[in-house]
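Okay, so here's the structure we're looking at.
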Amino acid sequence: MSATTKSNPLENEHERRSFLHNVAQSIVFSSAVSSISTSASAEEGSDSSNLPKITHKVYMDVRISRADGSFYVRDASPSDSPDDEPIYGQLVLGLFGELTPNHVKQFLSYVEVPYAVDNPLPSYSRSKFQTLDTTTGLLIGGTIPGLDVTTLAGGNVLEYSGRVIPAKLWLEEKNSSGDTATPQLSNGSKGLLTHRNLDVTPSFGITSRNTATSLDATHTVFGCIVEDKTGFLDQVLDLPVLTDQGKVSRTTDEPVTAGGGVGASLASSVFTAQRMVFRDAAKTFGDSRLDKVYDGKILRRIEVTKVGVL
C-alpha cells in the first residue's frame with residue numbers, strides 16, 4: 001500500500017506566485033526586445049531609403065604602405081615608428097544600377113576582367129588611390145598604371161599594353177527635354193562613389209565630406225560604400241598630402257613648413273614660385289618627370305590588390 005503525501009497549501013501558493021512573476025518578467029522582456037528591434041529596423045530602413053536601390057555589390061582589397069612605400073614583412077628596427085606599418089582592409093561598394101545603368105556597366109567592365117598573362121586588359125585589381133582633392137575632399141581611385149588616353153582618327157581612345165581600347169563617356173541617357181531619365185543624386189554625403197562626366201578613364205572618386213555639393217555640376221554619383229570595417233577611408237584622410245604650399249593632412253588646414261613664423265611662410269612661397277617656374281620650363285623641353293609631383297598627391301602607396309563581384 002503506497003504512502004500518500006499531503007501537500008502544503010502555503011508552499012503551493014508560493015510556487016504559483018513565483019511562476020506568475022517569472023512569466024510576467026518574460027513577457028515584459030520580450031516586449032522590450034521586440035520594441036528595440038522594431039526601432040532599429042525602422043532606423044535602418046529610413047537610412048537606406050535615402051539612397052537608390054543597390055543592384056550590385058563589389059569588393060576591393062586595399063592596402064596602404066609604410067612611409068617608405070614598402071609592404072614586405074621585415075624585422076622591426078629601433079628607428080621604426082610603431083604606427084608605420086602596412087595597413088590592409090577591404091571595401092564593399094554598392095552600385096546604383098537602376099539610377100545610373102551606364103555608369104555601373106562601365107565600372108563593372110573593370111571589375112569582371114578575364115585573366116590574360118600575355119595580353120592583359122585594364123582592371124581595378126591593379127589600380128591605385130593616388131590623389132586627395134583638398135578643396136572638395138574627393139579621394140580619387142581607379143587609377144590604372146599604364147592606361148593612357150590618346151588620340152586616334154580625331155577621337156579619344158584608351159591605350160594599354162600596346163592595345164587600343166574604345167573610350168566611352170559614362171554619361172546616362174537623356175530624355176526628350178535633354179535631362180537624364182532619372183534624377184541624379186547629390187554628392188553632398190560622405191562615402192559616395194562618383195565619376196567625372198567628361199572623363200573616359202576608369203578613375204572614380206569617393207566623397208569624404210558632406211559638403212561636396214560643388215561636384216554636382218561635373219560629377220555623377222553611381223554608388224556608395226556599403227562596408228568599411230577597417231576604417232580605410234578615415235585612415236587615408238589622415239595621410240599627408242602634397243600641395244603647392246607644402247604637406248597637409250586632415251588634422252590641420254595650415255600648410256606644414258619647416259620652422260614657423262613669417263620667415264617660414266615666405267620661404268614656402270618662394271619655393272612654390274620656383275617650383276612652378278622649373279615645372280613650366282620642364283614642360284617646354286618635353287620633360288615629364290615633374291608630372292609625378294602634383295597638387296593633392298597622397299604621400300603613401302595605396303593599392304588595390306583584388307576585386308570581385310559579391
Side-chain angles (χ1 to χ4, degrees), residues 46-58 60 91-114 121-124 127 129-133 135-144 147-160 163-226 296 307 309-310:
S46 63
D47 291 339
S48 61
S49 65
N50 294 330
L51 294 175
K53 179 182 177 181
I54 293 176
T55 56
H56 305 77
K57 286 186 178 181
V58 172
M60 282 189 172
L91 293 175
V92 177
L93 311 177
L95 307 180
F96 306 146
E98 292 184 357
L99 179 71
T100 54
N102 286 347
H103 282 73
V104 171
K105 178 181 177 181
Q106 292 293 332
F107 186 86
L108 289 176
S109 69
Y110 294 96
V111 175
E112 301 174 308
V113 179
L121 289 169
S123 168
Y124 284 136
S127 64
F129 289 87
Q130 292 184 319
T131 307
L132 177 64
D133 188 331
T135 302
T136 62
L138 190 65
L139 174 63
I140 307 298
T143 303
I144 302 176
L147 181 65
D148 299 312
V149 179
T150 187
T151 303
L152 180 65
N156 289 332
V157 295
L158 298 175
E159 185 177 358
Y160 185 74
R163 174 186 293 184
V164 174
I165 304 171
K168 298 180 180 179
L169 291 174
W170 293 24
L171 299 178
E172 299 301 322
E173 299 294 334
K174 303 286 186 178
N175 56 25
S176 57
S177 61
D179 298 326
T180 54
T182 55
Q184 298 303 304
L185 199 64
S186 174
N187 289 268
S189 296
K190 182 178 178 180
L192 297 176
L193 307 182
T194 188
H195 186 268
R196 190 164 62 87
N197 295 334
L198 300 181
D199 189 4
V200 296
T201 73
S203 296
F204 63 92
I206 300 179
T207 58
S208 66
R209 303 175 186 171
N210 296 326
T211 57
T213 54
S214 59
L215 297 172
D216 291 348
T218 57
H219 290 68
T220 298
V221 175
F222 65 93
C224 65
I225 294 179
V226 177
V307 297
V309 177
L310 296 175

* With a 4.5 Å heavy-atom cut-off, do F96 and I54 have their side chains touching? -> yes
* Answer yes or no: is there a side-chain heavy-atom contact under 4.5 Å between I165 and V157? => no
* To do: Working to the nearest 0.5 Å, report the span between SG of C224 and NZ of K190.
  => 14.0 Å
* **Main-chain N/O of E159 paired to D148 side chain as donor or acceptor, under 3.5 Å** => no
* **Nearest non-hydrogen partners of N156 and A167, listed with the distance** => O-CB, 3.5 Å
* Min side-chain heavy-atom separation N187-T213 under 4.5 Å -> no
* Are V221 and T100 close enough, and set up right, to give a side-chain contact (heavy atoms from CB on, under 4.5 Å), and what steps lead you there? -> CA-CA 8 Å; V221 175; T100 54; over 6 Å; no
* **All ring-ring contact (aromatic ring centres under 6.0 Å, His included) counterparts of F107, not counting sequence neighbours** => Y124, F204, F222
* Asked: Does the T194 side chain pair with the main chain of T220, one donor and one acceptor, at a distance under 3.5 Å?
  -> yes
* Can you tell me if T207 uses its side chain to pair, donor with acceptor, with the backbone of S189 under 3.5 Å? -> yes
* Below 4.5 Å, heavy atoms only, C-beta onward: do D199 and T201 meet side chain to side chain? -> yes
* To do: Measure across G94 and V226 and return the closest heavy-atom pair with its distance rounded to 0.1 Å.
  => N-CG2, 3.4 Å
* Could you pull out the closest heavy-atom pair between L185 and P52, with the gap in Å? => CD2-CD, 3.9 Å
* To do: Using the side-chain contact (heavy atoms from CB on, under 4.5 Å) rule, take H56 and V104 through it: C-alpha gap first, then chi angles, then the decisive distance, then the call.
  => CA-CA 8 Å; H56 305 77; V104 171; 3.8 Å; yes
* Reported CE-to-CG distance for the pair M60 and L93, which is rounded to 0.5 angstrom -> 5.5 Å
* **NE2-CG distance between H219 and L198, expressed to the nearest 0.5 angstrom** => 10.0 Å
* To do: Kindly compute the distance separating NZ (K168) from CD (Q106), expressed to the nearest 0.5 Å.
  => 6.5 Å
* Are I206 and L192 close enough that some pair of their side-chain heavy atoms sits under 4.5 Å apart? -> no
* Partner set under side chain to side chain contact (heavy atoms under 4.5 Å, CB included) for N102, not counting sequence neighbours -> E172, E173
* Structure fact -> When rounded to the nearest 0.5 Å, the distance separating NE2 of H195 from NE2 of H103 is 6.5 Å
* **Rounded distance [0.5 Å steps], CG in L95 versus NZ in K105** => 15.0 Å
* Taking the side chain as C-beta and beyond, is there a heavy-atom pair between I225 and V92 under 4.5 Å? -> no
* **Nearest heavy-atom neighbours spanning Q184 and L99** => NE2-O, 4.3 Å
* For Y160, which residues count as a ring-ring contact (aromatic ring centres under 6.0 Å, His included) partner, sequence neighbours excluded? -> none
* For the residue pair S186 and D216, confirm or rule out a side-chain donor-acceptor distance under 3.5 Å. => yes
* Which heavy atom in L158 sits nearest to a heavy atom in V200, and how many Å separate them? -> CD1-O, 3.9 Å
* Asked: Between Y110 and S127, is any pair of side-chain heavy atoms under 4.5 Å apart?
  -> no
* Asked: Given side chains that start at C-beta, do those of N197 and L171 come closer than 4.5 Å, heavy atoms only?
  -> yes
* So L138 and L215, side-chain contact (heavy atoms from CB on, under 4.5 Å) or not? Walk me through it. -> CA-CA 9 Å; L138 190 65; L215 297 172; 4.0 Å; yes
* Kindly say whether V113 contributes a backbone atom to a donor-acceptor pair with the side chain of S123 at under 3.5 angstrom? => no
